[in-house]
A.B. asks: 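Pasting a structure here, questions to come.
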Amino acid sequence: MTKRRYALAVVVVALAVLGVTSCGGGHPNRDYAVFVGCPLSNPATSICIFAQTQSGALTIGSKTIVISRTVTVQGGVHQDEATGRQEFLGARDGNALSRSPQLIPGGLRGIRADVTATIELAGPASRIGVSTQSLIEAKGIGLSLPVKVKLSNPLLGASCYIGSNAHPVVISLTTGTTRSSRGHRPLTGKPGHAKFRDEYNLTTISGESLVSDSFAAPRAEGCGGMNATVDAALGLPVAVGGNEAILNGTLRDANAPAVKASS
């Protein structure tokens, strides 16, 4: 198995992130059934991705949001053979990142009842940045996710967000160790362990961990007149070094021709 092929196998985790409908010309079967959302109708798709972030946490300011509900990312990867540039391709239905509300422990000060936080992709899936070489070598930025965090509670209305499509929270993740900064300990991720099936057409990588502490968080917007309350409860805005993400999970990837053949 080539180094390039293995590098493609570790492109995404979830965690998290990061679509759920059909593949166009048929449904994958047997071991390939999880790739039902792969964009096989796009001729640029060379690898199908199904990744699940099953644990971890997102810390924004004074609150740590534990990932207790699985977050799924699925889509594909295209690599330009001439330049080596890699591009993430979202699921065929446009939903590259599942919306999995996570309960904020203790809620938010000044807001009665529970509050949930949902990580959503900010803009199209093509905004996701990928460097599989960095992921496999456990150094540098391997995955860059532009997201926005939706806060939900009856008092906050339907459009309460930290970050937006125009001004996303950009979480730059590594499977290596982050740089230390004043007042913040460095974080260390893991590339995970790979198992191969069907003559290397299908790969499962378990125990992968992506980490980040290099993103800022802006003030809340659209919170039904309670923007200031949300900002005070979380300590927003938060500069780089005051937030962190730890995404742990499992990645399955497969060669697109093998997925097509299973249909």
A.B. asks: Given Ile104, which partner from the list Asn153, Leu234, Val115 fulfils the side chain to side chain contact (heavy atoms under 4.5 Å, CB included) test?
C.D. replies: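 Answer to the side chain to side chain contact (heavy atoms under 4.5 Å, CB included) test with Ile104 among Asn153, Leu234, Val115: Val115.
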A.B. asks: Which atom names give the shortest non-hydrogen contact between Ser263 and Pro28, and what distance separates them?
C.D. replies: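 Nearest pair, atom of Ser263 first, then Pro28: OG-N, 3.5 Å.
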A.B. asks: Quick one: which residue pairs count as a side-chain hydrogen bond (donor to acceptor under 3.5 Å, both in side chains) with a foot in residues 108-128, not counting sequence neighbours?
C.D. replies: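 Listed by first then second residue: Glu120-Tyr161.
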A.B. asks: Which heavy-atom pair separates Asn165 from Pro168 by the least distance, and what is that distance?
C.D. replies: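 Nearest pair, atom of Asn165 first, then Pro168: O-CD, 3.8 Å.
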A.B. asks: Do Leu143 and Val170 land in one hydrophobic cluster if side-chain heavy atoms of ILVMFWY residues count as linked below 4.5 Å?
C.D. replies: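 No; Val170 is not reachable from Leu143 via cluster members.
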A.B. asks: Please check: side-chain N/O of Ser164 versus main-chain N/O of His167, any donor-acceptor pairing under 3.5 Å?
C.D. replies: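 Present.
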A.B. asks: State plainly whether the residues Glu221 and Lys148 are in salt-bridge range, i.e. N to O under 4.0 Å.
C.D. replies: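 Judged by the 4.0 Å cut-off on N to carboxylate O distance, Glu221 and Lys148 do not form a salt bridge.
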A.B. asks: Taking all atoms of both residues into account, what is the closest heavy-atom pair of Val169 and Pro218, and its distance?
C.D. replies: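 Closest heavy-atom pair between Val169 and Pro218: CG2-CD, 3.8 Å.
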A.B. asks: Does Tyr32 form a side-chain contact (heavy atoms from CB on, under 4.5 Å) with Asn201? I'd like the steps, not just the answer.
C.D. replies: CA-CA 10 Å; Tyr32 297 96; Asn201 280 312; 3.5 Å; yes
A.B. asks: A side-chain contact here means heavy atoms from C-beta on lying under 4.5 Å apart; do Asn227 and Arg219 qualify?
C.D. replies: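 Counting from C-beta outward, Asn227 and Arg219 never come under 4.5 Å.
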A.B. asks: Would you call Asp31 and Asp198 a side-chain contact if the rule is heavy atoms closer than 4.5 Å?
C.D. replies: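 Side chain of Asp31 against side chain of Asp198, heavy atoms only: no contact under 4.5 Å found.
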A.B. asks: Between the main-chain N or O of Thr70 and the side-chain N or O of Ser100, is there a donor-acceptor pair closer than 3.5 Å?
C.D. replies: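 Between the backbone of Thr70 and the side chain of Ser100 there is a qualifying donor-acceptor contact (under 3.5 Å).
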A.B. asks: Check Cys48 against Ala256 and note the closest heavy-atom contact, atom names and distance.
C.D. replies: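 Shortest heavy-atom separation between Cys48 and Ala256 comes out as SG-CA, 4.1 Å.
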A.B. asks: Side chains of Phe35 and Leu202, heavy atoms from C-beta outward: is any pair under 4.5 Å?
C.D. replies: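 Counting from C-beta outward, Phe35 and Leu202 do come under 4.5 Å.
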A.B. asks: Are Leu236 and Ile60 close enough, and set up right, to give a side-chain contact (heavy atoms from CB on, under 4.5 Å), and what steps lead you there?
C.D. replies: CA-CA 8 Å; Leu236 300 174; Ile60 297 179; 3.8 Å; yes
A.B. asks: Let me see the working for Leu151 and Ile162 under side-chain contact (heavy atoms from CB on, under 4.5 Å), right down to the final yes or no.
C.D. replies: CA-CA 8 Å; Leu151 302 177; Ile162 301 169; 4.1 Å; yes
A.B. asks: So, Asp213 side chain and Pro186 main chain: donor-acceptor pair closer than 3.5 Å or not?
C.D. replies: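 No, the answer is negative, given that no donor and acceptor are paired below the 3.5 Å cut-off.
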A.B. asks: Is it the case that the side chain of Ser144 and the backbone of Gly129 share a donor-acceptor pair, with hydrogens and angles ignored and the cut-off at 3.5 Å?
C.D. replies: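 Not at all, since once roles are kept as given, no pair shorter than 3.5 Å links the two residues.
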A.B. asks: Between Ala245 and Leu187, which heavy-atom pair has the shortest distance, and what is it?
C.D. replies: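 Taking every non-hydrogen atom into account, O-CD1, 4.3 Å.
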A.B. asks: Quiz question: by atom type and distance under 3.5 Å, do the side chains of Ser262 and Asn29 form a donor-acceptor pair?
C.D. replies: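 The answer is no; no qualifying pair exists.
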A.B. asks: Output yes when a side-chain donor or acceptor of Lys63 lies under 3.5 Å from a complementary backbone atom of Pro105, and no otherwise.
C.D. replies: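 Indeed, once roles are kept as given, a pair shorter than 3.5 Å links the two residues.
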A.B. asks: Could you grab the distance from atom CD of Gln52 to atom OG of Ser98, nearest 0.5 Å is fine?
C.D. replies: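 The CD atom of Gln52 sits 8.5 Å away from the OG atom of Ser98.
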A.B. asks: For the atom pair OG1 (Thr177) and CZ (Arg185), what is the distance rounded to the nearest 0.5 Å?
C.D. replies: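 CZ of Arg185 is found 12.0 Å from OG1 of Thr177.
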A.B. asks: Which of these passes side chain to side chain contact (heavy atoms under 4.5 Å, CB included) with Leu58: Val147, Val66, Ile119?
C.D. replies: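 Only one of Val147, Val66, Ile119 forms a side chain to side chain contact (heavy atoms under 4.5 Å, CB included) with Leu58, namely Ile119.
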A.B. asks: Working to the nearest 0.5 angstrom, can you tell me the gap between His193 NE2 and Thr204 OG1?
C.D. replies: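 Rounded to the nearest 0.5 Å, the NE2-OG1 separation comes to 13.5 Å.
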A.B. asks: Using modelled atom types only, decide if a donor and an acceptor are shared between the side chain of Gln102 and the backbone of Arg69 within a distance under 3.5 Å.
C.D. replies: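 Looks like yes, one N/O pair under 3.5 Å.
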A.B. asks: Roughly how far apart are Cys38 SG and Arg92 CZ, rounded to 0.5 Å?
C.D. replies: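 Taking SG in Cys38 and CZ in Arg92, the distance rounds to 11.0 Å.
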A.B. asks: Take Phe196 and Thr203, measure what side-chain contact (heavy atoms from CB on, under 4.5 Å) needs, and give me the verdict at the end.
C.D. replies: CA-CA 5 Å; Phe196 310 103; Thr203 304; 3.4 Å; yes
A.B. asks: For the residue pair Ser214 and Arg179, establish whether any side-chain heavy-atom pair is separated by less than 4.5 Å.
C.D. replies: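 Heavy-atom side-chain distance check fails, nothing below 4.5 Å.
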A.B. asks: Working to the nearest 0.5 Å, report the span between CZ of Arg252 and CD1 of Ile205.
C.D. replies: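 The CD1 atom of Ile205 is 11.5 Å from CZ of Arg252, to the nearest 0.5 Å.
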A.B. asks: Do Ile171 and Val71 belong together in a cluster built from hydrophobic side chains that touch within less than 4.5 Å?
C.D. replies: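 Per the 4.5 Å side-chain linkage, Ile171 and Val71 are co-clustered.
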A.B. asks: Pick one: which of Ile141, Val211, Leu145 meets side chain to side chain contact (heavy atoms under 4.5 Å, CB included) with Leu173?
C.D. replies: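 Exactly one pass, corresponding to Leu145.
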A.B. asks: Sub-3.5 Å donor-acceptor pair from the side chain of Thr45 to the main-chain atoms of Leu40, do we have one?
C.D. replies: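 Pair absent, no side-chain N/O of Thr45 close to backbone of Leu40.
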A.B. asks: I would like to know whether Gln79 and Ser46 meet side-chain hydrogen bond (donor to acceptor under 3.5 Å, both in side chains); could you show each step before the answer?
C.D. replies: CA-CA 8 Å; Gln79 177 164 312; Ser46 54; over 6 Å; no
A.B. asks: What heavy-atom pair brings Phe215 and Asn243 nearest, and what distance separates the two atoms?
C.D. replies: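 Smallest heavy-atom distance, with atoms named: O-ND2, 2.9 Å.
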A.B. asks: Tell me if a side-chain donor or acceptor on Asn255 pairs with a main-chain N or O of Pro257 at a distance below 3.5 Å.
C.D. replies: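 No, the answer is negative, given that no donor and acceptor are paired below the 3.5 Å cut-off.
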A.B. asks: Are Val149 and Leu210 connected in the hydrophobic side-chain network, where two residues link if heavy atoms are under 4.5 Å apart?
C.D. replies: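 Same cluster.
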A.B. asks: Among all residues two or more places apart in sequence or in another chain, which pass the side chain to side chain contact (heavy atoms under 4.5 Å, CB included) test with Ala138?
C.D. replies: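 Partners of Ala138 under the side chain to side chain contact (heavy atoms under 4.5 Å, CB included) test: Thr175, Pro191.
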A.B. asks: If you round to the nearest 0.5 Å, how far is SG of Cys223 from NZ of Lys150?
C.D. replies: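 Going from NZ on Lys150 over to SG on Cys223, the span is 9.0 Å.
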A.B. asks: Judged by atom type as modelled, is there a donor-acceptor pair below 3.5 Å linking the side chain of Thr174 to the main-chain atoms of Gly140?
C.D. replies: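 Checked: pair present.
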